[in-house]
Chemist: 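Below are the structure tokens for one structure; questions will follow.
Not measured: the values here are computed from a predicted model. Atoms within a ligand are numbered from 1 in the order they appear, just like the ligands themselves.
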Amino acid sequence: MATTALCLALLPLRQSSAATAVGLHPGPMSRTEAFARAEMLTALGRKIFSDPSLSASGLQACASCHDPSHAFSPASAMPVEMGGEHGDQPGLRAVPTLRYLQSVPAFTEHYYDSEDEGDESVDNGPTGGLTWDGRVDHGADQAKIPLLSPFEMGNKDAAEVVAKLRKAAYADDIKAAFGATVFDNPKDAFDAAAEALATFEQSGPDFYPYSSRYDAFLAGKATLTAQELHGRQLFEDPAKGNCSSCHLSEPANDGEPPQFSDFGFLGLAAPRNMAIPANSDPNYHDLGLCGPQRTDFAGRSEYCGLFRTPTLRNVSLKKSFFHNGYFHSLRDVVSFYATRDSDPGRWYPKNSDGTVRRYDDLPQAYWDNLNQDPPFGRKPGDAPALTDPEIDDIVAFLGTLTDADLQSDATGH
Ligand code: HEC
Ligand code: HEC
């Protein structure tokens with residue numbers, strides 16, 4: 001069936017080049033063997049994920065930035081985290097949640113969605129891939145980025161990571177899973193650790209429990225308040241929030257619960273965040289899909305300013321929003337959608353002559369790339385797309401997307 005094939009093709013975290021590189025699968029495995037292996041790698045990946053000794057500082061684990069008790073988003077409210085050997089190198093982007101990445105499709109420039117109102121011929125444009133700019137497809141490849149990034153875990157190379165893995169309390173677990181000779185070649189051991197991390201990131205109970213009140217509501221097992229229901233209606237109304245045109249909120253045709261993202265790339269023109277040290281250079285712009293962190297689309301001007309749509313599941317737990325962490329409250333984010341174009345002076349800085357520096361984080365040459373569909377596309381002075389009470393209702397609806405294991409954090413207890 002087309003849908004099944006599509007689903008299998010869409011799971012970058014579930015496949016890994018490391019599988020073959022390390023010779024993980026000496027022969028065909030039975031379902032039981034495959035399951036047992038996944039369990040073993042998940043347990044190992046969990047240990048690696050929270051091991052600070054794998055960083056140059058000895059203080060930073062994956063879990064330091066991706067805190068399991070905050071849906072694998074940071075516990076801190078800083079727009080970007082610090083890293084590196086002395087913990088003093090600032091990052092360039094806000095830390096995303098790691099929940100609900102299991103259905104991010106591999107990156108493609110032309111995405112045709114079989115669920116798109118029954119029309120498979122619509123090209124949805126660039127879609128998918130991991131990170132804000134979709135520059136890597138597989139969880140195992142992604143994991144190597146922070147291990148080696150000078151502003152994250154800060155190791156010089158794979159050998160430096162492997163020297164630490166060799167000394168780790170779980171070194172024998174790595175051998176048990178990948179063979180006694182896995183440490184003979186640094187590349188094999190590095191791939192093995194990345195593979196275990198990627199497998200851990202596919203663990204359903206940890207990463208995609210679908211246990212929110214909204215999931216219970218969709219299953220007919222819970223009710224939402226009148227305010228939450230109204231927020232949902234505004235979220236889905238094409239003439240109001242129009243949010244669900246990108247942050248999908250209804251189950252797919254095959255019954256899969258909604259991911260609250262279509263993983264497409266859009267330009268929304270978040271205000272420039274001067275709290276990110278890199279932005280003190282007026283010539284530095286994080287242009288997302290066209291670079292500079294992603295390099296294969298340098299010069300593709302039609303891609304400048306576009307970032308991958310994040311899931312909104314567990315978004316109430318976040319403390320910084322958008323790729324540059326500019327916003328610190330969900331209400332501000334929704335207000336920005338409602339008034340970006342009707343009241344730009346509320347969001348963007350002013351020039352000395354009082355004129356507003358609209359879209360101040362994106363050079364004007366790329367403004368055509370910005371999304372102008374509702375709730376955007378109004379003129380200064382127009383009524384906002386959403387009233388204040390409507391914004392409150394949408395924020396209340398977003399609160400229903402917090403998974404059960406995190407709900408006490410959501411209420412601030
Ligand atoms: C210093 C903070 C920091 C540390 C430590 C860190 N990350 Fe991240 N992580 C980030 C940031 C920031 C991004 C977004 C990067 C980008 O868009 O370029 C990210 C992105 C990701 C993504 C992609 C998420 C998405 O939405 O596509 C995954 C998966 C991930 N990290 C896993 C890990 C793993 C595994 C480790 C440990 C080996 C780790 N991270 C360590 C900050 C961190
Ligand atoms: C045209 C597609 C599109 C529409 C419509 C849309 N969003 Fe988004 N949303 C995005 C993209 C893309 C981002 C990331 C932008 C960035 O970081 O620069 C985002 C980011 C967000 C974030 C921040 C999440 C995070 O983890 O930082 C929230 C909250 C959000 N959207 C809520 C909404 C709400 C509420 C609406 C309706 C009022 C809405 N969105 C409409 C595409 C869309």
Chemist: Taking both backbone and side-chain atoms of Gln142, is any N or O found less than 3.5 Å from an N or O belonging to ligand 1?
Modeler: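 N/O-N/O distance below 3.5 Å exists for this pair.
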Chemist: If we ignore angles and hydrogens, is there a donor and acceptor under 3.5 Å between the side chains of Asn124 and Thr127?
Modeler: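 Short answer, no.
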Chemist: Using a plain distance cutoff, I'd like to know if Glu81 has any nitrogen or oxygen under 3.5 Å from a nitrogen or oxygen of ligand 1.
Modeler: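 Such a contact does not occur with ligand 1.
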Chemist: Show your reasoning for whether side chain to side chain donor-acceptor pair (under 3.5 Å) applies to Ser76 and Glu81.
Modeler: CA-CA 8 Å; Ser76 92; Glu81 297 293 319; 2.8 Å; yes
Chemist: Is there an N/O/S atom in His66 at a distance below 2.8 Å from atom 8 (Fe) of ligand 1?
Modeler: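 Within the cut-off used here (under 2.8 Å), His66 does place an N, O or S atom near atom 8 (Fe) of ligand 1.
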Chemist: Taking only residues two or more places apart in sequence or in another chain, which ones pass side-chain contact (heavy atoms from CB on, under 4.5 Å) with Ser53?
Modeler: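 Counting only residues at least two positions away or on another chain, Ser53 forms a side-chain contact (heavy atoms from CB on, under 4.5 Å) with Asp51.
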Chemist: Looking at Arg135, which atoms of ligand 1 are within less than 4.0 Å of one of its heavy atoms?
Modeler: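 Under 4.0 Å from Arg135, ligand 1 has these atoms: 16 (C), 18 (O).
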Chemist: For ligand 1, which atoms have a heavy atom of Ala61 less than 4.0 angstrom away?
Modeler: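 In order of number, 5 (C).
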Chemist: Take every heavy atom of Lys144, measure it against each atom of ligand 1, and state whether any distance is under 4.0 Å.
Modeler: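 It does not; every heavy atom stays at 4.0 Å or beyond.
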Chemist: So, do Tyr170 and Ile174 sit near enough that their side-chain heavy atoms are less than 4.5 Å apart?
Modeler: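 In short, these two side chains touch, coming nearer than 4.5 Å.
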Chemist: Within the 4.0 Å heavy-atom shell around Leu130, which atoms of ligand 1 are there?
Modeler: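 This gives 27 (O) as the contact atoms.
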Chemist: Which atom pairs, one a donor and one an acceptor, fall under 3.5 Å between side chains of residues 369-387 and the rest of the protein, sequence neighbours left out?
Modeler:
residue	atom	partner	partner atom	Å
Asn369	ND2	Ser301	O	2.8
Asn369	ND2	Cys304	O	3.0
Asn371	OD1	Asp373	N	3.1
Gln372	OE1	Arg340	NH2	3.1
Arg378	NH1	Ala383	O	2.8
Asp382	OD2	Lys379	N	2.8
Thr387	OG1	Glu390	N	3.3
Thr387	OG1	Glu390	OE1	3.4

Chemist: Is Arg294 paired with Asp296 through a side-chain N to carboxylate O contact shorter than 4.0 Å?
Modeler: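 Yes, this pair counts.
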Chemist: Just which atoms of ligand 1 are under 4.0 Å from any heavy atom in Glu201?
Modeler: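 Going through ligand 1 atom by atom, the ones under 4.0 Å from Glu201 are 29 (C), 32 (C), 35 (C).
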Chemist: Does only the side chain of Leu101 get under 4.0 Å from ligand 1, or the backbone, or both, or neither? Count heavy atoms.
Modeler: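 Under 4.0 Å from ligand 1, Leu101 contributes side-chain atoms alone.
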Chemist: Numbering the atoms of ligand 1 from 1, which are under 4.0 Å from a heavy atom of Cys65?
Modeler: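 What qualifies from ligand 1 is 1 (C), 2 (C), 3 (C), 4 (C), 5 (C), 43 (C).
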Chemist: Could you tell me whether Tyr100 and Phe207 have their ring centroids closer than 6.0 angstrom?
Modeler: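 Between Phe207 and Tyr100, which both carry aromatic rings, the centre distance is not below 6.0 Å.
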Chemist: Under a heavy-atom criterion of less than 4.0 Å, does Cys62 contact ligand 1?
Modeler: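 For ligand 1, residue contact (heavy atoms, under 4.0 Å) with Cys62 is present.
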Chemist: Got the residues with a heavy atom under 4.0 Å of ligand 2, by chain and number?
Modeler: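 Its neighbours under 4.0 Å (heavy atoms only) are Trp132, Gly241, Asn242, Cys243, Ser245, Cys246, His247, Leu266, Leu268, Phe307, Thr309, Pro310, Leu312, Val315, Lys318, Phe321, Phe322, His323, Leu330, Val333, Val334, Tyr337, Asn371, Ile394, given by chain and number.
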Chemist: Whether Arg313 engages the ring of Tyr208 as a cation-pi pair (distance to the six-membered ring centre under 6.0 angstrom, angle to the ring normal within 45°) should be assessed.
Modeler: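 No - Arg313 does not lie over the ring of Tyr208 by the 6.0 Å and 45° rule.
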Chemist: Let me have the donor-acceptor pairs involving side chains of residues 146-161, under 3.5 Å, with sequence neighbours excluded, atom names and distances please.
Modeler:
residue	atom	partner	partner atom	Å
Ser149	OG	Phe151	N	3.1
Ser149	OG	Glu152	N	3.3
Asn155	OD1	Lys164	NZ	2.5
Asn155	ND2	Leu54	O	2.8
Asn155	ND2	Leu147	O	2.9
Lys156	NZ	Glu160	OE1	3.0
Asp157	OD1	Ala159	N	3.3
Asp157	OD1	Glu160	N	2.9
Glu160	OE1	Lys156	N	3.0
Glu160	OE2	Lys164	NZ	3.4

Chemist: Is Arg135 positioned over the aromatic face of Tyr303, cation under 6.0 angstrom from the ring centre and no more than 45 degrees off axis?
Modeler: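 Because its charged atom misses either the 6.0 Å distance or the 45° angle limit, Arg135 does not stack over Tyr303.
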Chemist: Determine the interplanar angle of the Phe49 and His66 rings, folded into 0 to 90°, and report it as parallel if under 30°, tilted if 30 to 60°, perpendicular if over 60°.
Modeler: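 Geometry flag for His66 against Phe49: tilted rings.
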Chemist: Is the ring centre of Phe107 less than 6.0 Å from the ring centre of Phe297?
Modeler: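 Between Phe297 and Phe107, which both carry aromatic rings, the centre distance is below 6.0 Å.
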Chemist: Just to be sure I read this right, does ligand 1 sit under 4.0 Å from the backbone of Leu98, its side chain, both, or neither, counting only heavy atoms?
Modeler: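 For Leu98, only side-chain atoms sit under 4.0 Å from ligand 1.
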Chemist: Going by distance only, is there an N or O of Asp133 that falls short of 3.5 Å from an N or O of ligand 1?
Modeler: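 So ligand 1 has no N or O lying under 3.5 Å from an N or O of Asp133.
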Chemist: Under 4.0 Å from a heavy atom of Met153: give me the atoms of ligand 1 that qualify, with their elements.
Modeler: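 Ligand 1 atoms under the 4.0 Å threshold to Met153: 5 (C), 37 (C), 38 (C).
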Chemist: Strictly by modelled atom types, are Glu236 and Ser249 linked by a side-chain donor-acceptor pair under 3.5 Å?
Modeler: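 Yes, because at least one side-chain N or O of Glu236 sits under 3.5 Å from a partner of the opposite role on Ser249.
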